[in-house]
Amino acid sequence: MAQNQDNLHAMRHSLAHIMATAVTRLWPGVKLGVGPVVEHGFYYDIDAGDVTISEDDFEKIEAEMQNIIKEGKQFVRSTKPIDEAIAWAQESGQPYKEELLNDLKRAGTTVAKDLDADELGTITDGDSALDEVSFYTNGDFADLCRGPHVESTNKVGAFKLMRIAGAYWRGNEKNAQMQRLYGVAFDSPKELRKHLEMLEEAKKRDHRKLGQELDLFLFSDLVGSGLPMFTPRGTVLREELSRYSNELRERSGFEKVWTPNITKKELYEASGHWSKFGDELFLVKSQESSDDFVLKPMNCPHHTRIFAFQPKSYRDLPVRYLETTTDYRDEKSGELGGLNRVRALTQDDSHVFCREDQIEQEMDGLLAAAGDLYKTVDMNLKVRLSYRDASDGYLGDESLWNKAQSQLKAAVLKNGLDYFEEEGEAAFYGPKIDFMATDAIGREHQVATVQLDFVQPERFELEYVGEDGSVQRPIMIHCALLGSIERFLSVYIEHTAGKFPVWVAPEQVRIITVNQEDETVAFADSVAAQAKELGLRVTIDNANESVGKKIRNAEVMKVPYTLVLGEKEIESGEVTPRVRKDIEVQPSHAHQKVEDFLRSVSNEAKSRTTKSSL
RNA sequence: GCCACCUUAGCUCAGUUGGUUAGAGCAUCUGUUUUGUAAACAGAGGGUCGUCGGUUCGAAUCCGACAGGUGGCUCCA
């Protein structure tokens, strides 16, 4: 298995090399960046000068790649001293390679390790010292590369070029933008086909498609991009989820607060957000006063004002505030996408103000709440410890940072969470524990987050009176369980493929009438009334259509339970519920009394289970 | 914001190299039908082909700008 993995890796690496060969043959003089292996395939960054490569060119590039593969040239590995390599880069007109090599020479091993493996890592020569780098040559084309490669160009399996994208040289938007050509590659055509089919399947559960089909949310050009609106059905999802999220915290002492949607910009100058995010705030102009207002982009500064409203004693702590509220951020246009990234986002936000000795207990409570929520929605999340990096975009004393980071790690370890650590992912005021969910095509998105903050209490001069009468500074713990409701929905809709469990389903029971006789309609009405009495979301389909058609409509809308009501049901007072296929049903009698059916559905909803007790 | 691509009816999509009144299925409405567990039948309405500008005797089709979207990059409190 490991053997196969290694081979697949070498194959993908070789394909990146072959693609670079092909592009160089087709457009002589292109300048090459880096060409690493990624999940499912590979890419290569290319600067083609004035030439624009587009997806229409894929056929041509793939054909040339096939030629190279047919030639079956050996990949020959060689090494050069770094100065010779630099000379080679200069001679062959490869300024990007030259830059990398110069950095390698200058940086030495220590720094090279810190750099992204996709960049410098690809050209370092494994464990050996950096005074030498490796090359792979196939025929007349040589490329700087760590490898490994397969032995010759005809041993590369099945591949397909997928798309082309812009990518800044070395990930910095101040640098030149190169063209990144992506391909996928597998051992066999069969596996490639399987992968492409999987992508087709994933498209069917795309939250944007399901949002349309299941009548959940919409965008309007008149309202603006990144500003979703929710239909009655979509609003049920939002409210059921945020209610649950709130319950989980109210249980452990959180109290709801309310803050306005606009505020003077001075609030964010105080918090530090203005200087960091000023250009992403929506400005609001008052016609009555000279104040500059902004739409609030987050809630912590407001919550510090509520905390500071009355003097606090150590006995008052922890103080726990909870607010589900919509924030506004003027994201750059290219960063918006479906519900995942919007300009009006609703956070199920909360803040704890506590003493240092209370951090552990508070963190435990929040991590447990996150665990409960994600167990209920049946999602497995990766936990990311998001630390600061060496850049200067962070506020606060470095020793406080170190302490906060180790406290977060301790909490994660104590709670037995699987985690990974990543530098440069922290908020500017503190490190975070981020819960990462995966969408239908495998992209990761942050949902829940727990953050430790020593900075804002400082900047807002928050205090409480300690046991000995001295003035103390509280610590803030930020937490959102869903994160942004919109983003959560984007992954949750894809996770469930729109087959929502009963407790969140916008429509829990659909009643279908067999005919439009008065008696039938009256019976349907009475069943619906009973269902509503039990707090169920129920609709009646009394359309003049065939029963088959109406069943189909209920199926298409993924309604969990459907009742067909006609003469038989009126006579017996019993129903035979049609259960959505994904719902686990414990073996039980197929038909049952109306009251029994409705009561058990109602119990399922209350207990937020995914199993049916019918 | 940057790179590539996309935009035809409410939805999904046809529309041949620029050439009459731009088509289909579903949905909607009307009529017939009163229906038993995934699509009854018939008819009708619905589009200045994303917007604006240009080329042309003639533009859904070619060119440009803008808007919206998709996939990436950058960013993400």
Side-chain angles (χ1 to χ4, degrees), chain A residues 43 45 47-48 52-58 162-182 203 206 208-209 212-213 215 218-222 224-226 268 271-274 276-281 296-301 327 329 331-338 340-342 345 347 349 386 393 395 425-430 432 434 441 443 445-446 449 451 453 455-456 478 480 483-484 487 512-517 520 542-556 562-569 576-579 581:
Chain A
Y43 69 76
D45 283 349
D47 178 352
T52 297
I53 301 174
S54 89
E55 282 167 30
D56 297 337
D57 296 315
F58 279 179
M162 297 299 282
R163 66 182 80 91
I164 197 150
Y168 298 105
W169 170 236
R170 303 182 82 174
N172 185 337
E173 68 179 317
K174 292 190 178 67
N175 288 343
Q177 190 159 43
M178 310 185 74
Q179 296 207 291
R180 179 169 295 178
L181 277 60
Y182 282 95
K203 266 192 210 157
D206 186 310
R208 290 162 298 206
K209 184 171 152 70
Q212 169 79 44
E213 289 171 1
D215 186 20
L218 60 137
F219 292 89
S220 158
D221 284 359
L222 284 176
S225 72
Y268 301 117
S271 68
H273 289 93
W274 182 262
K276 175 123 175 129
F277 296 112
D279 54 348
E280 285 162 54
L281 300 188
K296 71 171 172 183
M298 99 296 298
N299 318 300
C300 20
D327 296 337
R329 298 177 182 177
E331 307 279 5
K332 292 179 192 166
S333 56
E335 288 158 356
L336 302 170
N340 184 52
R341 194 83 176 269
V342 292
L345 58 132
Q347 298 202 64
D349 206 0
S386 301
L395 298 183
E425 291 292 338
F428 72 86
Y429 50 73
K432 312 187 284 173
D434 292 321
I441 60 171
R443 295 175 296 197
H445 308 282
Q446 180 200 308
T449 181
Q451 314 173 355
D453 180 1
V455 169
Q456 293 195 66
H478 307 239
S484 120
R487 175 178 295 177
I512 289 174
T513 54
V514 170
N515 55 46
Q516 282 72 57
E517 308 293 340
T520 317
N542 186 39
N544 180 7
E545 294 283 356
S546 68
V547 170
K549 175 68 162 288
K550 293 200 274 188
I551 291 279
R552 180 182 150 79
N553 288 342
E555 289 279 348
V556 166
T562 305
L563 296 178
V564 177
L565 301 185
E567 230 173 295
K568 283 189 287 188
E569 288 74 20
T576 310
R578 188 181 164 96
V579 183
K581 288 187 184 63

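Convention: sequence-line order gives letters A, B, ...; per-chain numbering from 1.
Pairing for B/rC52 goes to B/rG64, judged as Watson-Crick or G-U wobble with the two contacts each under 3.5 Å. Across all strands shown, B/rA38 forms no Watson-Crick or G-U wobble pair with both distances under 3.5 Å. Base-pair partner of B/rG46: not found among the strands shown (Watson-Crick or G-U wobble, both distances under 3.5 Å). The pairing partner recorded for B/rU21 is none, the criterion being a Watson-Crick or G-U wobble arrangement whose two distances lie under 3.5 angstrom. Look at B/rC5: its Watson-Crick or wobble partner, with both distances under 3.5 angstrom, is B/rG69.
Nucleotides B/rC57 and B/rG18 place their P atoms 16 Å apart, quoted to the nearest Å. The same atom, C1', is picked in B/rU56 and in B/rG19; the two are 12 Å apart, to the nearest Å. Between B/rC62 and B/rG15, the two P atoms lie 13 Å apart (nearest whole Å). Nucleotides B/rU8 and B/rG68 place their C1' atoms 15 Å apart, quoted to the nearest Å. Separating the C1' atom of B/rU21 from that of B/rU17 is a span of 23 Å, rounded to the nearest Å. Spacing between B/rA60 and B/rG23 at atom C1', rounded to whole Å, works out to 13 Å. Atom P of B/rA22 sits at a distance of 15 Å from the matching atom of B/rU16, rounded to the whole Å. As rounded to the nearest Å, B/rG43 and B/rC6 have C1' atoms that lie 36 Å from one another.
Between A/K209 atom NZ and B/rC26 atom C1' the separation is 13 Å, expressed in whole Å. Remark: C1' of B/rG1 and CG of A/D279 are 11 Å apart, rounded to the nearest angstrom. Distance A/E545 CD to B/rU37 C1': 15 Å, rounded to the nearest Å. Note: NZ (A/K581) to P (B/rU37) measures 13 Å, nearest angstrom. In this structure, A/K550 atom NZ and B/rC26 atom P are separated by 19 Å, rounded to whole Å. Counting to the nearest Å, the C1' atom of B/rA40 and the CG atom of A/N553 are 13 Å from each other. Rounded to whole angstrom, the span from the CD atom of A/E213 across to the P atom of B/rG10 amounts to 18 Å. Protein atom CG of A/L336 is 9 Å distant from nucleotide atom P of B/rG1, rounded to whole Å.
When distances are taken from the side chain of A/K549 to each of B/rA38, B/rG36, B/rA27, the shortest belongs to B/rA27. In this structure, of B/rA4, B/rG36, B/rA38, it is B/rA38 that holds the atom nearest to the side chain of A/V556.
When heavy atoms are screened at a 4.0 angstrom cut-off, A/K568 is found touching base atoms of the nucleic acid. Among the atoms of the strands shown, none is found under 4.0 Å from any heavy atom of A/T562. Within the nucleic acid shown, A/G338 comes within 4.0 Å of sugar-phosphate atoms alone, with no base atom in reach, counting heavy atoms only. As judged by a 4.0 angstrom heavy-atom cut-off over every strand, A/V547 is placed among residues touching the sugar-phosphate backbone only. In this structure, A/S225 reaches the sugar-phosphate backbone alone: every heavy-atom distance under 4.0 Å involves primed, P, OP1 or OP2 atoms, never a base. Looking at heavy-atom distances under 4.0 Å, A/E567 makes contact with a base.
When each of A/Q446, A/Q451, A/H478, A/E425 is paired with A/K432, the side-chain hydrogen bond (donor to acceptor under 3.5 Å, both in side chains) condition holds for A/Q446 and for no other.
Annotation: the span from A/L281 atom CG to A/W274 atom CH2 amounts to 5.5 Å, rounded to 0.5 Å. How far CG of A/D47 is from CG of A/N175: 11.5 Å, rounded to the nearest 0.5 Å. The structure places CD1 of A/I551 at 13.0 Å from CD of A/E545, a figure rounded to the nearest 0.5 Å. One finds the CZ atom of A/F428 at 5.5 Å from the CD atom of A/Q456 (value rounded to the nearest 0.5 Å).
Residues satisfying the side-chain hydrogen bond (donor to acceptor under 3.5 Å, both in side chains) criterion with A/E331, sequence neighbours excluded, are A/R341. Under the side-chain hydrogen bond (donor to acceptor under 3.5 Å, both in side chains) criterion, A/H273 pairs with A/S271, sequence neighbours left out.
Nearest-nucleotide positions on RNA chain B for A/G226 and A/L565 put A/L565 closer to the 5' end. Nearest-nucleotide positions on RNA chain B place A/I551 closer to the 5' end than the other of A/D221 and A/I551.
Between A/K203 and A/K209, the shortest heavy-atom distance links the atoms O-CD, 3.4 Å.
Residue A/S546 places no side-chain N or O under 4.0 Å from the OP1 or OP2 atom of B/rA39.
A donor-acceptor contact shorter than 3.5 Å is absent between the side chain of A/E280 and the backbone of A/F277.
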Could you run through nucleotides 72-77 of chain B and give me one letter per nucleotide, 5' to 3': B if any protein heavy atom sits under 4.0 Å from the base, S if only the sugar-phosphate is that close, - if neither? BBBBBB
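At most 12 heavy atoms of other shown residues, nucleotides or ligands fall within 6.0 angstrom of atom CD in A/E567.
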